[in-house]
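See below for the structure under consideration.
Every number for a ligand or one of its atoms is a count from 1 in the order of the listing. Quick note: numbers below take in every heavy atom, side chains included, and nothing from hydrogens, waters or symmetry partners.
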Amino acid sequence: MADRIADIWGERTPHAKGTVWPARVDLHLDEGLGEGDVDRWVQSACVLCSNGCGCDIAVKDGGMVGVRGRATDVVNHGRLGPKGLYGSTPWAGSADRLTRPLVREGGHLVETDWARAMGRIVEVSQRLLAEKGPLTHGFYTTGQMFIEEYYTLGVIGKAGLGTPHMDGNTRLCTATAAAAFKESFGADGQPGSYTDIEHCDAIFLFGHNMAETQTVLWMRILDRTRGEAPPRLVCVDPRLTPVAQEARRTGGVHLAPRVGTNLALMNGLTRELFEHGWVEDDWVLAHTIGVDELRRIVDPYSPEKVQQICGVDPEDLRRAARIFGESENVLSTVLQGFYQSHQATASAVAVHNLHLLRGLIGRPGSGVLQMNGQPTAQNNRECGAGGDLPGSGTGATPSTSGSSPICGMSTR
Ligand code: SF4
């Protein structure tokens with residue numbers, strides 16, 4: 001059985017560029033049990049981070065006794081990290097886990113049955129709707145439901161009750177991801193796939209300590225960097241994380257900007273693409289608007305200027321830009337180091353700009369993953385259970401305002 005505490009990422013299954021990520025099944029059962037002791041396996045998914053790994057739950061005598069990764073799942077190909085393998089067992093049997101609904105009586109929560117709890121919700125909702133209308137209602141949604149449930153919720157909230165007050169767990173990471181997508185592409189949808197890892201020549205991780213936040217996705221990258229024709233990594237993070245160490249090991253770069261200076265760093269990288277002609281002019285002309293404005297905005301951000309602001313060695317900035325500029329296919333991922341920082345949306349949009357300048361988007365090995373902290377945060381937004389209407393929030397118009405702090409490049 002796997003020990004994902006002592007060995008977080010497990011043994012490597014290296015493979016070459018363009019080949020399928022090999023399966024490796026991780027398994028954990030309660031002490032003393034073997035696979036032959038399990039009565040049945042129930043298909044499920046780990047929802048403890050945004051990766052959403054497929055798993056089967058082992059059941060014995062009506063109780064949960066373990067977990068194994070599902071080899072055929074497109075996300076994890078059988079692997080599980082420490083949280084997926086061990087996280088569910090303690091709380092699944094925990095004595096203080098809620099098994100019945102609670103309602104507040106005189107300031108205290110007391111147990112009740114489902115009919116009474118739901119009846120109270122209906123009664124209060126009907127009274128508020130009659131007295132004050134639909135704006136009395138608001139929803140703050142989890143990031144752990146399934147797509148059909150989100151869609152139903154969106155219909156109940158917007159089409160049924162008629163309230164626009166729906167926030168889909170978007171306060172932290174997903175707010176920036178959604179805003180950046182709409183700013184660049186006019187729609188809140190991911191222009192990338194995990195399978196891009198198998199086809200790329202370079203991976204840029206912007207504020208994303210994937211090794212410790214999405215451990216199974218990091219296994220997927222490690223299996224490329226340890227295989228034939230590995231990608232080079234570029235890590236943007238003030239800390240010397242395992243991602244930063246792997247970036248150095250692969251001949252890539254670790255850029256460690258001062259906290260709060262991400263946008264200046266991105267302006268410097270963007271300027272380098274213009275300076276060295278790493279721009280697909282025909283593609284940019286055919287598919288984007290605002291490139292001249294972008295060039296004007298980033299022009300002051302020479303590597304030396306960036307060093308003054310960010311404390312990053314100008315040669316490191318040049319090397320990172322060269323990797324982006326000269327690699328055939330580049331995958332970028334973004335997370336909290338960019339989202340929960342100064343000028344978050346503008347910095348996330350700047351990642352899109354790099355890809356748009358080189359036309360590195362929408363083809364195998366080239367894309368952007370604006371990652372989220374919860375597994376179905378994207379579904380939440382796509383189905384209208386967040387701030388937008390169903391259908392990936394389409395209807396938004398990309399900004400073309402040069403005065404916006406968000407550099408004015410976006411898709412046509
Ligand atoms: S990577 Fe995320 S989804 Fe996969 S097992 Fe670990 S916590 Fe669960």
* Asked: For atom 6 (Fe) of ligand 1, which candidate among Asp73, Leu80, Val75, Thr215 provides the closest heavy atom?
  -> Thr215
* Asked: For atom 2 (Fe) of ligand 1, what's the nearest protein heavy atom and its distance?
  -> Cys49 SG, 2.3 Å
* Assign the ring pair His355 / Phe324 to parallel, tilted or perpendicular, where the plane angle (0 to 90°) is split at 30° and 60°. => perpendicular
* Asked: Do any N/O/S atoms of Cys46 come under 2.8 Å of atom 2 (Fe) of ligand 1?
  -> no
* Do Arg70 side-chain atoms and Cys55 backbone N/O form a donor-acceptor pair below 3.5 Å? -> yes
* To do: Please write down residue, atom name and distance for the protein heavy atom closest to atom 4 (Fe) of ligand 1.
  => Cys53 SG, 2.3 Å
* Asked: Are Asp223 and Arg220 ion-paired here, with the side-chain N under 4.0 Å from a carboxylate O?
  -> no
* Structure fact -> Here the atoms of ligand 1 under 4.0 Å from any heavy atom belonging to Lys83 are 7 (S)
* Can you sort out which atoms of ligand 1 are near Val216, meaning under 4.0 Å from one of its heavy atoms? => 1 (S), 4 (Fe)
* Quick one: which ligand 1 atoms are inside 4.0 Å of a heavy atom on Gly52? -> 3 (S)
* To do: Determine, using ring centers only, whether Phe139 and His165 are less than 6.0 Å apart.
  => no
* Closest heavy-atom pair and its distance - Gln190, Gln370 -> NE2-O, 2.5 Å
* Asked: What pair of heavy atoms forms the shortest contact from Asn76 to Cys53, and how long is it?
  -> ND2-CB, 3.4 Å
